[in-house]
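For reference, the structure discussed in these notes is given below.
All residue numbers refer to positions in the sequence shown, counting from 1.
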Amino acid sequence: MDTGQLIIAVVVLVAVAALALLLLTRRRRDAHEPPQEQREHHQRPRAAVIVNPTKFSDVEEVHARVTRVCHQHGWADPLWIETTADDPGTGQARRALEEGATIVCPLGGDGTVRAVSAALIDTDTPMGLLPGGTGNLLARNLGVPIDSIEDALTVALTGHDDRIDVGTINVVTPGQTQDTEHDYYFLVMAGMGFDASVMADAPEKLKAQFGWPAYVVAGMKHLNGKRFDVEVSIDGGPPQHRQARTVVVGNVGRLQGGVELLPDADPDDGELDVVLLSPKSIIGWASVGAHIATRQRRGHARVEHHRVHTMTLRLSHTQEVQLDGDPIGPGLSLRFAVKPSCLKVRVA
């Protein structure tokens, strides 16, 4: 073999070795890379759905409907996480954030929405609202569909983001040896007295079967209750004595049926709206109810409105307290405040 042939042979061997190394490298890379379809799936946006399974008779059917809508809009399979009795949504929402969810959607009642929101406050991840409860009050007030999961999910996947305020409340509960304090968030309304007692007494089975009329049944039991003494301090001002049947503090103002309990409430104005109701009898309740239902702006002797940044209530004796429709037990002293524009919500 002459020199020229030797050089050609060496070049051929080097080329063959390089080709073999290239093929081996590609095989190793392909073995570690997921298929193209799987890569594209993980690159698509993904919604996390935090579902309260007690709200649905067929959770799997709802899951399938949600997945179908996600696919229709080019989103990946949803991250589907169910709430539990021990964790009504906050821990599940934190997990969704850790897994990089594009949006987190509570699917349950206003209590589920409140629990999920606790993990999303002061983050850039928006919350989508899916109807699954009796009231769906936050969705009602923000104009999100409440009669169709598919329509509401379409808003969550294609809408735009607004930032809303969140109410905070510190509740002092008396104990046998010492009082205890608890801090909570609320998005819709917090109440004490009559309205909280109604929430606590509304039977769950009746709520599931008939919806909000179940509260009417519970309300009839408490119409003749007595007023309670309360010291009200607004924005750090001096305490003012009042006798009330119920006090409601709201971030939004509309109830079921379009009733405007707090007609000036705005979820992004940096303030909370307050109403104190103090009827003495059933006839008094009728007058108060007519005043609210007709949206009269003139004053009423038993209806008192305020707009506040902070407010403290000190009671003569404990009253039931509710947050976004969920009773949390009795309270003796309550401190309210507002966190402005701290929660991102997806709206139409």
Side-chain angles (χ1 to χ4, degrees), residues 45-56 59 62-63 65-67 69-70 75 77-146 149 152-157 159-169 182-190 250-252 267-268 322-328 338-339 341-348:
R46 190 183 193 193
V49 178
I50 314 300
V51 59
N52 181 346
T54 67
K55 299 293 184 179
F56 304 96
V59 176
V62 176
H63 188 179
R65 289 162 55 194
V66 168
T67 301
V69 174
C70 288
W75 287 52
D77 290 348
L79 175 61
W80 187 265
I81 314 175
E82 295 186 0
T83 64
T84 65
D86 294 330
D87 191 341
T90 304
Q92 293 86 342
R94 290 190 180 121
R95 173 186 161 190
L97 292 177
E98 291 172 357
E99 298 198 21
T102 308
I103 187 170
V104 182
C105 303
L107 177 51
D110 286 307
T112 306
V113 174
R114 181 170 60 86
V116 168
S117 73
L120 302 180
I121 290 171
D122 294 328
T123 75
D124 287 326
T125 302
M127 179 171 68
L129 300 172
L130 306 182
T134 304
N136 301 304
L137 289 179
L138 184 60
R140 288 176 189 269
N141 281 269
L142 297 182
V144 176
I146 59 172
I149 292 177
L153 182 56
T154 297
V155 170
L157 302 182
H160 70 276
D161 297 333
D162 276 350
R163 284 195 173 272
I164 67 169
D165 306 332
V166 171
T168 70
I169 179 174
H182 302 277
D183 292 306
Y184 303 93
Y185 293 119
F186 64 95
L187 305 180
V188 180
M189 299 178 191
N251 192 36
V252 295
D268 60 2
Q322 64 86 10
L323 301 176
D324 294 350
D326 287 341
I328 62 170
V338 61
K339 283 179 63 69
S341 303
C342 65
L343 178 64
K344 189 180 288 188
V345 181
R346 187 67 54 85
V347 297

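The distance from atom CZ of Arg163 to atom CG of Asp124, rounded to the nearest 0.5 Å, is 5.5 Å. With rounding to the nearest 0.5 Å, the separation of CG in Leu343 from CD1 in Ile121 is 6.0 Å. Cys105 SG to Leu157 CG: the interatomic distance, rounded to the nearest 0.5 Å, is 6.5 Å. One finds the CD1 atom of Ile103 at 9.5 Å from the CG atom of Leu120 (value rounded to the nearest 0.5 Å). The distance from atom CD1 of Ile146 to atom CG of Leu138, rounded to the nearest 0.5 Å, is 11.5 Å. Distance check: Leu97 CG to Gln92 CD gives 12.0 Å after rounding to the nearest 0.5 Å.
Tested against Lys339 for a salt bridge (Lys or Arg N to Asp or Glu O under 4.0 Å), the candidates Asp165, Asp122, Asp268 yield a single pass: Asp122. Of the listed residues (Leu137, Leu323, Asp326), just one forms a side-chain contact (heavy atoms from CB on, under 4.5 Å) with Asp110, and that residue is Leu137.
What you find for Gly109 and Lys55 is that their closest heavy atoms are N-CE, 4.0 Å. For the pair Pro145 and Ala152, the tightest heavy-atom approach, listed with the atom from each and the gap, is O-CB, 3.6 Å. The shortest heavy-atom contact between Leu79 and Arg95 is CD1-NH2, 3.9 Å. When all heavy atoms of Pro267 and Leu142 are compared, the pair lying nearest together is CG-CD2, 3.9 Å. Among all heavy-atom pairs drawn from Val104 and Ala93, the shortest one is CG1-CB, 4.3 Å. The heavy-atom pair separating Ala156 from Arg346 by the smallest distance is O-NH1, 2.6 Å.
Residues Asp324 and Tyr184 have side chains not in contact (no heavy-atom distance under 4.5 Å, counting atoms from C-beta outward). In this structure, the side chains of Val345 and Leu187 stay at 4.5 Å or more apart for every pair of heavy atoms. At a threshold of 4.5 Å between non-hydrogen side-chain atoms, the residues Leu129 and Met127 count as touching. Side-chain atoms of Thr67 and Pro78, non-hydrogen and from C-beta on, do get closer than 4.5 Å to each other. The closest side-chain heavy-atom distance from Thr90 to Tyr185 is not below 4.5 Å. Looking at heavy atoms from C-beta onward, Pro106 lies out of side-chain contact with Asn52 at the 4.5 angstrom threshold. Within the 4.5 Å cutoff, the side chain of Thr168 has no heavy atoms near those of the Asp183 side chain. Between Asn251 and Val166, the closest side-chain pair of non-hydrogen atoms is not below 4.5 Å.
Using modelled atom types, no side-chain atom of Asp87 and backbone atom of Thr84 make a donor-acceptor pair closer than 3.5 Å. When atom types are taken as modelled, the side chain of Thr102 and the backbone of Arg46 share a donor-acceptor pair closer than 3.5 angstrom.
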### Message
As a quick check of understanding, evaluate side-chain contact (heavy atoms from CB on, under 4.5 Å) for Gln322 and Ile328, giving each step before the final call.
### Response
CA-CA 6 Å; Gln322 64 86 10; Ile328 62 170; over 6 Å; no

### Message
Using the rule given for side-chain contact (heavy atoms from CB on, under 4.5 Å), can you reason through Val51 versus His63, listing the C-alpha separation, both sets of side-chain angles and the distance that settles it, and then say yes or no?
### Response
CA-CA 9 Å; Val51 59; His63 188 179; over 6 Å; no

